[in-house]
Amino acid sequence: MRKRSVRTHRRRTALVGVGALTAGLLLTAPQQAAAANLVVNAGFETAGPDGMPSCWERSGWGDNDFAFETTSDAHSGAKAMKVTLTRRVDGDRKALITESAACAPVVAAGRQYDLSLWYRSTTPDANVTLFRHDSTTGWQYWTDLKTLDMQGSWTEATVRTPEVPAGTDRITWGVSVYGTGSVTTDDYTMEQVATVTPPAGCTATAAECADGRWEVLPTRNPVRSMHSVVLSNGKVLLIAGSGNSEENFAAGTFTSAVYDPAAGTYKVIPTPKDMFCAGHVQLQDGRVLVMSGNQAFPAADGSHGYEGYKDSYLFDPATETYSRTNDLNDGHWYPSATELGNGDVISFGGLREDSTGSVTAEYWKDAEQRWLPLWQVNQTWSYWGLYPSMILMQDGRLFYSGSHVFGNNIPGTGSAIYDYDANTVTQVPGLRAKDERDQSASVLLPPAQDQRVLTLGGGNIDSNPEAGRLTDVIDLKAADPAYVAGPPIPQGTVDLGAGPVPQTGDQGKMYVSAVLLPDGTVLETGGALHNRADPVRETSIYDPATGTFDPVAADPEARGYHSSAFLLPDGRVMTTGDNPGNGTWNHAVSLYTPPYLLKGPRPAITSVIDTEWTYGDTQRITVDRPIAKAELIRPAAVTHSSDPNQRFVDLPLSVDPENSGDAGTVDLNVTSNPDLAPPGWYMLFAVDANGVPSVAKWVHLQGPKALAAPEAAAHVHSFADSLTGKVEGPRKKRTSQPVPVTVAGCDRHYGTVNVCVPTAFPAEVKRTAAARCGWLKRNHYGRLRVNGGDDPLGLDRDRDGVACGAADVRGR
């Protein structure tokens, strides 16, 4: 993980822009903007009251030595602005357009703007940086658009902003200098981009164009896969292990499959161990790191629960084979896995080899291709639960969103920020119904630069209430971030055993999937009302710009426990799996075509000049017609509603304004911050003004340039720097966390290992043998033998060793 030797951006003294104090009170009339140029005093020619040119202010933060100078070394006219850093530990310095009504350019929500400036630079560490004024919350950092290369002579830099967010009425911008050296700038321009919107056409029925369409593929998934990883060659790795099958486990039959979307074919892959409920993540070279899995199913006598093992493997997409790595320090059944900005991987949670909860954090050192020994890994000895959703933040810290699997959430508020370097956990408030977020989904909303997380749905395996509709959103750019309520998940139908009926009241869903789409929205789909029962058919698209859900066509197949949904490179979404409590498996595979693929012709990326990308680069592509935006989407590695590495990274465009938009050559500006886009393979999409995406091209984002010099690493702007939540440091060293053997919410006294009779029935089911057996019958559980002499649920009243027989329910 990238080290920060001095954490001065948490509590710092910065040069605050003077605009907040002088708005409307400028003593010297500023130079008028040129026609169509929205920048006032664009060439620094008019002096201001404080030694800075009018409508420009000193800004910056951190521990560094700096100077601002109005110099005669100009590109045109008599003056230019020079910013110099002579010493730097962290932070940056920048000359910004003053944050005032008189100076900051007015912008319109939904529009884009072309920015340009002339510069000379003696440092490679400089960015064009934007701030925006929200009509409700005031001025805030928006995003970095472009890294400026070192230039000895005057050079023009151009870049196009993303669409202006709703609620934004003004912006300000300038060049941030975050490495020792100087940057001299002059002749700024800002022009609104002319709207180039192709005529929208509907290529299907009106209903399909509004809501998209689903198809169930004729070829079924040959394995009971619960893990789905989109590989860098466009194929999909589907990991089953035993597939939660007692027979497969006993026989040692462990499988995976590779699905080829182009051919519609599957290849079954021998799998060395039971990777049922393992953790997985793509490494920066495209291989898949798989950690732990299932060593043993729970015993019927309650002597032990599920057990994790220490083995770890790499899957190579080129050879389609597994190879073993060194072992983990602990067993981890249901572990998390998050790639860091330096390409390393950190993992938490899961069950150990003795069925207790693991409190051991694991750290994969990618440069050494091994898991580090325990003594080299920072430990808080915290139990994070099963599949805790740990999302990488823009400064290298981890946000635990509150999404997890099985039972209650962690003690405290249910969400937290974990700082690996400081080895501290700080609680974050606002997550509602924190103990009913079992099998919820959390996703870093598009674009990653906005640092906003959506958490939606969930239930509780132990108490088995009706799953909820709650969604919560958090803005991690805030000084003291807290979840706020989002819109409820739309309701669909639920099958309670007698066919689908409309959902009512607060009925929502757990086992929900959330998929980032290339138009900047989020598809949520799948789910069930109770623990491995009562499938919900409802699909919606969430728009982060408006904070609203739009119900669309629903997957015709049930997608509950052990289901997955993920984005394919062609822009469609694939869904697989469903493993209800009766132990059956849904091998049907569905494909969703979103409405954006039914709006007419798609733009095409006709060439990518270079597929090997480095942080801070400007990369060139060609397109066949105008586009409005481009982005990188990290391919899925999803299981159990969880994919904490999923992210959508905006690529600001540099275009020729005279080229009628973006047709032809387009330059894409790659973030200089690897914590925003960890190294690895990404899908590159180009999107037109109607939100229609191209088919993705694969590009490889790598880290040596940015990671080799941490003292000049990409700067991090102020966010989450004034946390007020409870802070916990490392606990006393311990071995494990006690966990009940019923962690999966299943009573193992009934049926086979892969059958889950709930320990707690839904609230509407009366606590009688007849009512409980009726519920089991409606959910197709079939004949259930009683394991051992205990009958805790009272389902074998005649004591014949078979639950729910005729005598068991007669007259009861």
Side-chain angles (χ1 to χ4, degrees), residues 1-7 9-10 90-92 124-125 127 141 143-144 147 178-179 281-286 289 336-348 361-369 372 377-378 389-401 417-423 444 447-451 453 476-477 612-617 631-635 637 643-651 669-682 699-721:
M1 178 171 287
R2 178 167 57 86
K3 301 291 184 182
R4 296 181 295 279
S5 57
V6 179
R7 309 248 338 174
H9 65 294
R10 297 284 175 262
D90 63 2
D92 67 37
D125 302 313
N127 271 329
Y141 166 69
T143 189
D144 287 333
T147 301
Y178 61 95
V281 64
Q282 292 107 323
L283 297 178
Q284 57 182 319
D285 63 5
L289 178 63
S336 70
T338 304
E339 190 195 14
L340 305 175
N342 58 6
D344 295 345
V345 173
I346 194 165
S347 177
F348 302 91
E362 306 278 1
Y363 195 102
W364 170 266
K365 189 69 173 177
D366 201 53
E368 301 174 15
Q369 290 290 288
L372 293 181
V377 183
N378 288 349
S389 177
M390 309 291 283
I391 297 172
L392 181 66
M393 296 165 62
Q394 73 165 1
D395 68 348
R397 290 179 291 173
L398 294 169
F399 174 58
Y400 170 57
S401 70
I417 289 176
Y418 173 60
D419 188 326
Y420 180 83
D421 294 342
N423 208 22
L444 183 64
Q449 287 91 335
D450 283 356
Q451 294 286 282
V453 173
L476 295 172
K477 280 186 178 177
E612 292 292 331
W613 290 16
T614 302
Y615 295 101
D617 278 355
E631 71 269 349
L632 298 177
I633 297 183
R634 186 178 176 91
D643 185 1
N645 298 284
Q646 189 179 192
R647 58 185 55 217
F648 173 119
V649 182
D650 182 59
L651 297 171
N669 296 280
V670 185
T671 179
S672 59
N673 186 354
D675 291 332
L676 276 176
W681 285 92
Y682 285 81
V699 298
H700 187 229
L701 184 57
Q702 50 196 334
K705 176 180 174 182
L707 302 177
E711 72 279 0
H715 63 286
V716 176
H717 285 273
S718 170
F719 81 114
D721 61 347

Flag the pair [X] / [Y] as yes when at least one side-chain heavy-atom distance between them is below 4.5 Å, and no otherwise.
X: Leu392; Y: Leu340; answer: yes
X: Val345; Y: Glu362; answer: no
X: Leu632; Y: Leu651; answer: yes
X: Glu339; Y: Gln282; answer: no
X: Tyr615; Y: Leu701; answer: yes
X: Ile391; Y: Arg647; answer: yes
X: Asp450; Y: Phe648; answer: no
X: Tyr418; Y: Phe348; answer: yes

Please find the pair of heavy atoms, one from [X] and one from [Y], that lie closest to each other, and give the distance.
X: Val281; Y: Ala637; answer: CA-CB, 4.5 Å
X: Leu372; Y: Glu368; answer: CD2-OE1, 3.9 Å
X: Pro124; Y: Thr147; answer: O-CG2, 3.9 Å
X: Pro644; Y: Ala337; answer: CG-O, 3.8 Å
X: Asn342; Y: Pro679; answer: C-CG, 4.3 Å
X: Ala448; Y: Val649; answer: CB-CG2, 4.2 Å

Please round to the nearest 0.5 Å and tell me the distance separating atom [atom1] of [X] and atom [atom2] of [Y].
X: Tyr400; Y: Met390; atom1: OH; atom2: CE; value: 8.5 Å
X: Tyr141; Y: Gln394; atom1: OH; atom2: CD; value: 5.5 Å
X: Asp650; Y: Asp144; atom1: CG; atom2: CG; value: 11.5 Å
X: Asp285; Y: Gln702; atom1: CG; atom2: CD; value: 11.5 Å
X: Asn378; Y: Asp421; atom1: CG; atom2: CG; value: 7.5 Å
X: Asp366; Y: Gln284; atom1: CG; atom2: CD; value: 4.5 Å

Can you list the steps and then say if Asp395 with Phe719 is a side-chain contact (heavy atoms from CB on, under 4.5 Å)? CA-CA 9 Å; Asp395 68 348; Phe719 81 114; 3.9 Å; yes
Please step through side-chain contact (heavy atoms from CB on, under 4.5 Å) for the pair Leu398 and Ile346, ending with a clear verdict. CA-CA 10 Å; Leu398 294 169; Ile346 194 165; 3.7 Å; yes
Would Ser672 and Asn127 count as having a side-chain donor-acceptor pair, cut-off 3.5 Å? yes
Between Thr338 and Asn645, is the side-chain contact (heavy atoms from CB on, under 4.5 Å) condition met? List the steps. CA-CA 6 Å; Thr338 304; Asn645 298 284; 3.8 Å; yes
Would you say the side-chain atoms of Tyr363 pair up with the backbone N or O of Asp344, donor to acceptor, closer than 3.5 Å? no
One pair to check against side-chain contact (heavy atoms from CB on, under 4.5 Å): Asp675 and Met393. What are the steps and the verdict? CA-CA 7 Å; Asp675 291 332; Met393 296 165 62; over 6 Å; no
